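Accompanying notes for the structure given below.
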Amino acid sequence: EIWLLVLSLVACVCVAQDDKGPHNILHIIVDDLRPELGAYGALNAYTPNIDRLAKEGFVFDRAYSQQAVCGPSRNSFLSGRRPDRSRSWNFINHFREDHPEWTSLPGAFLKNNWISFGSGKIYHPKLPPQYDSNNSWSKTALPFFNPCWNTADDPKVKFQDGGLPCVFCKVDVEAALKKINVSIANEFCDTDAFEDTLSVDKAKSFLKNAAKTKGFFYLAVGMHKPHMPWQASAEDFAKHPIGSIHLPEHPLPPIGVPGIALHFTDDTIHNSPWSPVGINETLAARRAYYAATTGMDRKLGDLLDALDSLGFYNTTAVVLHSDHGWQLGEHGEWRKMTNFELAVRVPLIVRAPWIGAGRRVSGIVELVDIYPTILDLAGLLLPRNETLDGQSFVPMMSNSQSVHQGSEMAFSQYPRKVTDPNEMWKSNSIIHDNRTLFTHMGYSIRIPFWRYTEWVAWNGTGLSPIWSQVVGRELYYHNDTILYPTDFNTYENVNLAVNASQSNLLLIKNLSQLIHTQFGNSTG
C-alpha cells in the first residue's frame with residue numbers, strides 16, 4: 001500500500017509539471033497599479049491577496065507596458081499589437097477602426113468555442129465601442145458588465161471615462177459644480193469603491209455557473225482601483241497611517257531631462273515639475289493611493305477564494321497585471337503619461353500550478369506578450385494568418401529559457417502635442433486630440449542595464465515618426481537598480497545623454513538603431 005501511495009504521488013507530480021492543458025484562464029487587469037506591493041518587497045504595502053498569488057506563482061520583476069495610459073495600453077495587449085500598429089494612442093481611436101479583422105485576445109477563445117466572459121474595466125470604455133461586443137465576448141457576457149456609469153454601451157453619450165466611481169467623493173461633486181479645483185491633493189475619500197465589489201460579484205456568479213456547465217472558459221476581470229479618485233474604506237486607510245508614508249527621495253525631474261519628456265498635471269497646486277507638490281499634500285496623496293490599492297486587493301481576495309471553493313484553483317491559470325505604472329511625485333511627475341520607468345513598469349504575476357510556484361523571473365517581458373502567453377497557458381494555438389508583436393513567456397517560467405529567444409528588450413512610447421516650443425512640458429497632452437495633430441512621439445527601449453528614449457517629430461498625415469528630426473534624447477543607467485525589494489527612488493535621476501561620453505555616444509547610436517528598426521515600418 002505504501003508503494004502504491006508513492007507511485008500515485010509521483011504520477012500526480014508528473015501531471016502537475018507536464019500538463020499541457022487545456023486550462024481555464026482568469027485574467028485580472030488592474031488600473032493604474034505600480035509594482036509597489038508586498039510581492040515586490042514594498043514594506044509600506046498591504047496587499048495580502050496579491051502576495052498570496054505571488055507565493056503560489058511567478059513574479060516578473062521587469063515587465064513593461066507599451067504606452068503609459070489606459071486606452072492605448074489595453075488596445076495593445078488585448079490585440080497583441082504595439083500602438084503604432086493598433087494606431088490607438090489616445091482616447092479617440094481604437095484598433096477596430098483600422099483593423100476590424102483582427103482577433104482579440106478574448107475573441108481567440110470564442111474562435112476555439114470556449115466561453116469568453118468579462119466584468120469590470122477590460123477595454124477602456126468606447127475603445128472599441130461596447131467593449132468590442134460579440135467580437136470578444138460570449139452571448140452570456142453581453143451586454144458587457146462594467147458597473148454603474150457604463151458610458152460605453154450608450155451611443156448617445158459622447159463622454160467616456162475609465163475611472164468613474166459608482167459613488168463619487170464629495171470633492172468630485174463640488175468640482176463638477178465648479179466650487180472647487182480637484183487634484184491629486186484632494187481627489188480621495190474613505191468611500192469604498194463599490195464598482196470593484198460589483199465587478200467581482202459578477203465574476204463570482206459566472207464561476208458558479210461555470211462549475212455547473214463544466215465548459216472551458218476565459219474570464220477577464222478589470223479592477224478599477226487604484227485609478228483616481230482614490231477610494232477605499234476607512235479600514236483600508238487605517239492600514240496606512242500617515243506616519244508610515246515616505247516622501248519621494250527625488251521630487252525634481254532628472255538632471256538634464258528634455259522638457260518634452262515631462263507631463264505636467266495638477267497646476268492648481270504647483271507651478272511646474274521643478275516646483276514639487278507640498279509635503280503634506282504629497283504624503284496625503286501617496287497614502288490615499290496605497291489605501292485604494294489595499295481596498296482593491298481585499299476584493300480580489302474574494303475572487304480568488306471563489307475560484308478555490310468552486311474547484312477551479314488547480315486547473316486555472318491566473319494572470320494578474322496592470323495596464324501601466326504610476327508616478328507618485330518622483331521626478332516632479334504625478335499620474336502616468338511618460339516614458340519613465342515608473343510609468344511603464346508594471347506588476348505581473350502568473351499562477352500556473354502545473355508549471356511551478358514561488359519563483360521570480362528577472363528577464364524582460366512586455367504586456368504585448370500577454371496575448372500569446374495566455375493562449376499558451378490555455379493550451380490553444382495562435383490565430384491563423386495573423387502576426388502578433390509579442391511572444392509567449394511560458395518558456396521563461398518552465399526554465400527552458402531565461403530570456404525571450406535571446407532578445408531581452410522592451411519598447412514603450414508616448415505622443416505629445418507641444419504648444420510651447422520653449423517649455424515643451426506645458427500643456428502637451430494628447431488624450432482628446434486627433435492623432436493627426438500630434439507634434440512628437442517619444443520611443444523608449446529598455447535593456448537589462450539601460451533605458452534610452454528618443455523624442456522625434458511626428459508626421460500627422462502619415463501617422464509616423466520623422467526620424468531625422470530629433471528634439472530630445474534620454475539615457476539612464478540601470479545596472480544598480482535593485483529588482484527586489486523594489487526601490488522607486490534609485491533610478492533615472494540623471495540623463496546621461498547630456499554631455500555623453502564616447503562609450504555612451506556609441507551606446508546611444510546602437511539603441512537608436514534598435515528603435516528605428518522596431519518602429520520604422522510599424523504603421524501598417
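For clarity, every value in this text was computed on a predicted model and none was experimentally measured.
Residues Ser76 and Val368 approach most closely at OG-CG2, 4.3 Å, considering heavy atoms.
Arg62 places a side-chain N or O within donor-acceptor distance of the main-chain N or O of Ser362, the cut-off being under 3.5 Å. Side chain of Asn495 to main chain of Pro254: no donor-acceptor pair is present (N/O by atom type, distance under 3.5 Å, no hydrogens or angles). Under a 3.5 Å cut-off, the side chain of Thr439 and the backbone N or O of Arg416 do form a donor-acceptor pair. Between the side chain of Arg96 and the backbone N or O of Pro100 there is at least one donor-acceptor pair closer than 3.5 Å. Of the possible polar contacts, one joining the Ser104 side chain to the Gly107 backbone as a donor-acceptor pair under 3.5 Å is found.
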### Message
Assess the residue pair Tyr218 and Trp114 against the criterion (ring-ring contact (aromatic ring centres under 6.0 Å, His included)); give the C-alpha distance rounded to whole Å, side-chain angles, the decisive distance to 0.1 Å, and a yes or no.
### Response
CA-CA 7 Å; Tyr218 165 82; Trp114 284 39; 8.9 Å; no

### Task
Decide salt bridge (charged side-chain N to carboxylate O under 4.0 Å, His left out) for Arg81 and Asp389; before the verdict, give the C-alpha distance in whole Å, the side-chain angles of both, and the deciding distance to 0.1 Å.
CA-CA 5 Å; Arg81 281 83 168 183; Asp389 288 336; over 6 Å; no

### Query
Does the pair Arg87 and Glu97 meet the rule for a salt bridge (charged side-chain N to carboxylate O under 4.0 Å, His left out), with working shown?
CA-CA 9 Å; Arg87 293 157 69 92; Glu97 292 175 280; over 6 Å; no

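Under the 30°/60° scheme for interplanar angles, the aromatic rings of His478 and Tyr491 are found to be tilted. The aromatic rings of Trp450 and Tyr477 are tilted relative to each other, their planes meeting at an angle between 30° and 60°.
By the salt bridge (charged side-chain N to carboxylate O under 4.0 Å, His left out) test, Glu330 is found to be paired with Arg34, Arg286, residues two or more places apart in sequence or in another chain being considered. Remark: Asp323 pairs with Arg74 by the salt bridge (charged side-chain N to carboxylate O under 4.0 Å, His left out) rule, at least two apart or across chains.
Around CD of Glu101, the count of heavy atoms belonging to other residues, nucleotides or ligands within 6.0 Å exceeds 12. Leu506 CG: more than 12 foreign heavy atoms inside a 6.0 Å radius. Within a 6.0 Å sphere centred on CG of Asn479, other residues, nucleotides and ligands contribute more than 12 heavy atoms.
Ring centers of Tyr414 and Tyr443: at least 6.0 Å apart, outside the cut-off. Checked against the 6.0 Å centroid threshold, His321 and Phe60 do not count as a close aromatic pair. The six-membered or imidazole ring of Phe144 lies near that of Trp137, with a centre-to-centre distance under 6.0 Å.
A salt bridge is absent between Glu195 and Lys121; no separation between the charged side-chain nitrogens and carboxylate oxygens falls under 4.0 Å. Salt bridge annotation for Arg451-Glu492: present, with a cationic side-chain nitrogen under 4.0 angstrom from a carboxylate oxygen. Using a 4.0 Å cut-off between charged nitrogen and carboxylate oxygen, Arg335 and Asp266 count as a salt-bridge pair.
A cation-pi arrangement is not found for Lys417 relative to Phe438, the charged atom failing to lie both closer than 6.0 Å to the ring centre and inside a 45° cone about the ring normal.
Inter-residue side-chain proximity for Ile515 and Ser512 is flagged as unmet; no heavy-atom pair is nearer than 4.5 Å.
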